[in-house]
K.L.:
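One structure follows; several queries about it will come next.
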Amino acid sequence: MRVYANTDPRLGPAEIADHARRVEAAGYDGMHVSETLHDPFLLAAAALQATSRIVVRTSVALAFVRSPVLTAYTAWDLARVSGGRFHLGLGSQIRQNVEQRYAMPWSEPAGRMREYVHVVRAAFATFRSGELVPFEGEHYRFTRMQPYFNPFDGRPAPPEPPVYLGGVGARMCRAAGEVADGYLAHPTNSSPRCLAEDTLPALATGAASAGRGRGDLDVIAGVQVITGDTEADLARERERQRRQFAFLYSTPAYRRGLDSVGLGHLQQPLASMVRDDSWSALADVVTDDVLAALLPTARYAELADAVRGRVGGLVDGVTLALPTDAAQDGQMARVVARLRESPSGGEPA
């Protein structure tokens with residue numbers, strides 16, 4: 001099982017290099033950078049320059065707020081400068097954010113995402129060969145590439161960046177199974193029940209429609225845990241996660257995660273709390289029992305077993321955050337080493 005470190009979205013270009021060095025020193029396979037407060041490709045470039053071994057993956061860069069060919073240019077450059085350590089993770093974001101926060105148009109997301117990936121791959125093929133590999137679909141047309149604008153220069157091409165898709169709905173999962181190299185499960189649909197009953201069957205359906213199988217898709221679960229070295233660490237982490245939990249599950253698209261553990265009735269109160277910026281009742285709504293239903297708690301010594309018990313045999317990799325306190329990185333390094341000895345979802349136990 002591969003292990004990736006997710007990244008606090010507050011870390012900007014000035015801080016990401018130190019974080020990346022910590023990730024590499026702790027033995028992780030790679031790290032994920034999100035598009036939240038900062039440009040994910042700028043973060044990825046800084047992280048790649050600060051390291052020599054790990055994969056750096058956008059998780060996720062927002063597809064529909066930028067041109068697929070512009071995305072391909074950036075991914076191609078990052079692949080070249082890193083010797084192939086860059087992976088392109090894409091996601092759609094919800095309609096309100098695309099239209100109202102990014103001021104971009106919205107249309108049927110799964111169909112657009114399929115075509116978006118096809119255009120990115122057509123652009124990669126064009127950059128590799130020097131000859132236009134066109135694509136014409138319902139949503140996107142890629143039919144022009146003059147030599148002046150083509151990165152092809154006769155040198156050996158860099159390794160083509162693998163394309164991962166993130167999403168929670170069945171349609172996007174089917175799209176990922178059909179066209180992507182991998183799938184990035186959101187934390188809200190990374191519970192064992194969501195993976196087994198919803199996500200993996202939809203991925204398999206999409207893969208089968210393209211003549212592929214489960215082994216052709218790298219599935220990464222977004223595992224959230226409450227961990228630490230002492231009871232005081234666990235208590236602090238529990239309080240930190242409580243607000244994040246409320247924010248995540250206030251989104252209607254993520255309700256299935258709550259439903260999977262019989263807590264769907266909390267979605268509306270959480271939405272009201274976040275909308276009104278009223279957090280006075282947070283501990284009464286997101287109780288310790290509610291947190292425990294979706295976020296396992298384990299000290300470092302038991303953490304590898306807790307993660308394996310949650311998603312072992314279902315996925316090929318997991319995300320697992322570095323400790324807040326860098327002094328505890330050594331303990332997380334031992335957790336990572338144990339998890340990396342575990343079989344992936346497509347391998348025998």
Side-chain angles (χ1 to χ4, degrees), residues 1-7 13 16-17 19-35 39-61 63 66-91 116-131 133 142 145 149-166 176 179-184 212 215-220 315-320 336 340 344-347:
M1 180 185 292
R2 289 177 293 280
V3 188
Y4 303 90
N6 44 19
T7 303
I16 197 70
H19 180 80
R21 284 188 281 266
R22 285 179 60 198
V23 170
E24 188 161 77
Y28 284 82
D29 293 278
M31 62 182 282
H32 285 178
V33 293
S34 67
E35 181 153 29
D39 184 288
F41 298 111
L42 182 60
L43 296 178
L48 288 165
Q49 289 178 331
T51 56
S52 61
R53 177 186 60 80
I54 59 172
V55 163
V56 177
R57 180 183 295 130
T58 53
S59 180
V60 289
R66 50 175 61 88
S67 151
V69 178
L70 181 60
T71 296
Y73 274 121
T74 305
W76 192 257
D77 285 342
L78 290 172
R80 183 176 290 284
V81 300
S82 67
R85 291 190 292 122
F86 175 72
H87 291 185
L88 177 62
L90 297 168
Y116 196 103
V117 173
H118 285 311
V119 175
V120 168
R121 290 230 169 90
F124 287 162
T126 298
F127 301 162
R128 186 187 314 108
S129 69
E131 300 293 330
V133 177
F142 173 53
M145 179 61 69
F149 299 110
N150 194 331
F152 175 80
D153 59 6
R155 290 183 295 166
E160 184 170 310
V163 179
Y164 286 68
L165 292 184
V179 301
D181 297 300
Y183 173 76
L184 305 171
R212 305 200 302 164
D216 296 311
L217 199 68
D218 187 32
V219 180
I220 310 298
V315 300
D316 304 296
V318 296
T319 60
L320 198 60
V336 169
R340 294 184 73 240
S344 297
E347 299 175 354

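Here the structure is a predicted model, which means the values were calculated and not measured.
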K.L.:
Under 4.5 Å between any side-chain heavy atoms of I16 and M31, yes or no?
P.N.:
yes
K.L.:
What distance separates R66 CZ from L90 CG, expressed to the nearest 0.5 Å?
P.N.:
8.5 Å
K.L.:
Could you report the tightest heavy-atom contact between R80 and A157, atom names first, then the distance?
P.N.:
NH2-CA, 4.1 Å
K.L.:
For the residue pair A72 and V120, what are the closest heavy atoms and their distance?
P.N.:
CB-O, 4.1 Å
K.L.:
What is the distance from atom CG of D181 to atom CG of D216, rounded to the nearest 0.5 Å?
P.N.:
9.5 Å
K.L.:
Do the side chains of F41 and T71 get nearer than 4.5 Å, heavy atoms only?
P.N.:
yes
K.L.:
Mind checking the CD-CG spacing from E160 to L88? Nearest 0.5 Å is all I need.
P.N.:
10.5 Å
K.L.:
Are V315 and I220 close enough that some pair of their side-chain heavy atoms sits under 4.5 Å apart?
P.N.:
no
K.L.:
For D218, enumerate each residue passing the side chain to side chain donor-acceptor pair (under 3.5 Å) test, keeping only those at least two apart in sequence or located in another chain.
P.N.:
R2, Y164
K.L.:
What's the spacing between M1 CE and D316 CG if we round to 0.5 Å?
P.N.:
8.5 Å
K.L.:
Taking only residues two or more places apart in sequence, or in another chain, which ones meet T126 in a side chain to side chain donor-acceptor pair (under 3.5 Å)?
P.N.:
none
K.L.:
Do the non-hydrogen side-chain atoms of Y73 and P151 ever get within less than 4.5 Å of each other?
P.N.:
yes
K.L.:
What are the two closest heavy atoms between T7 and H32, and how far apart are they?
P.N.:
OG1-O, 2.6 Å
K.L.:
With T74, which residues qualify under side chain to side chain donor-acceptor pair (under 3.5 Å), at least two apart?
P.N.:
none
K.L.:
Of all residues at least two apart in sequence or in a different chain, which pass the side chain to side chain donor-acceptor pair (under 3.5 Å) check with R340?
P.N.:
D29
K.L.:
With no hydrogens and no angle check, is any side-chain donor or acceptor of T58 less than 3.5 Å from a backbone partner on V60?
P.N.:
no
K.L.:
Show the nearest heavy-atom pair for residues P159 and G83, with the distance to one decimal.
P.N.:
CG-O, 4.0 Å
K.L.:
Does any non-hydrogen side-chain atom of L165 lie less than 4.5 Å from one of L184?
P.N.:
no
K.L.:
How close do Y28 and A5 get, counting heavy atoms only, and between which atoms?
P.N.:
CD2-N, 3.4 Å
K.L.:
Grab the two heavy atoms, one from S67 and one from Y116, that are nearest each other, plus how far apart they are.
P.N.:
O-OH, 3.4 Å
K.L.:
Would a 4.5 Å heavy-atom cut-off, applied to side chains only, mark F152 and F127 as touching?
P.N.:
no
K.L.:
What pairs meet the side-chain hydrogen bond (donor to acceptor under 3.5 Å, both in side chains) rule with one or both residues in residues 42-56, with sequence neighbours excluded?
P.N.:
T51-R85
K.L.:
Under the 3.5 angstrom rule, does the side chain of S59 hit a backbone N or O of S34 as a donor-acceptor pair?
P.N.:
no
K.L.:
Sub-3.5 Å donor-acceptor pair from the side chain of Y4 to the main-chain atoms of L320, do we have one?
P.N.:
no
K.L.:
Partners of A17 by side chain to side chain contact (heavy atoms under 4.5 Å, CB included), sequence neighbours excluded?
P.N.:
R21, A50
K.L.:
Tell me, do P162 and H87 make a side-chain contact under 4.5 Å, heavy atoms counted?
P.N.:
yes
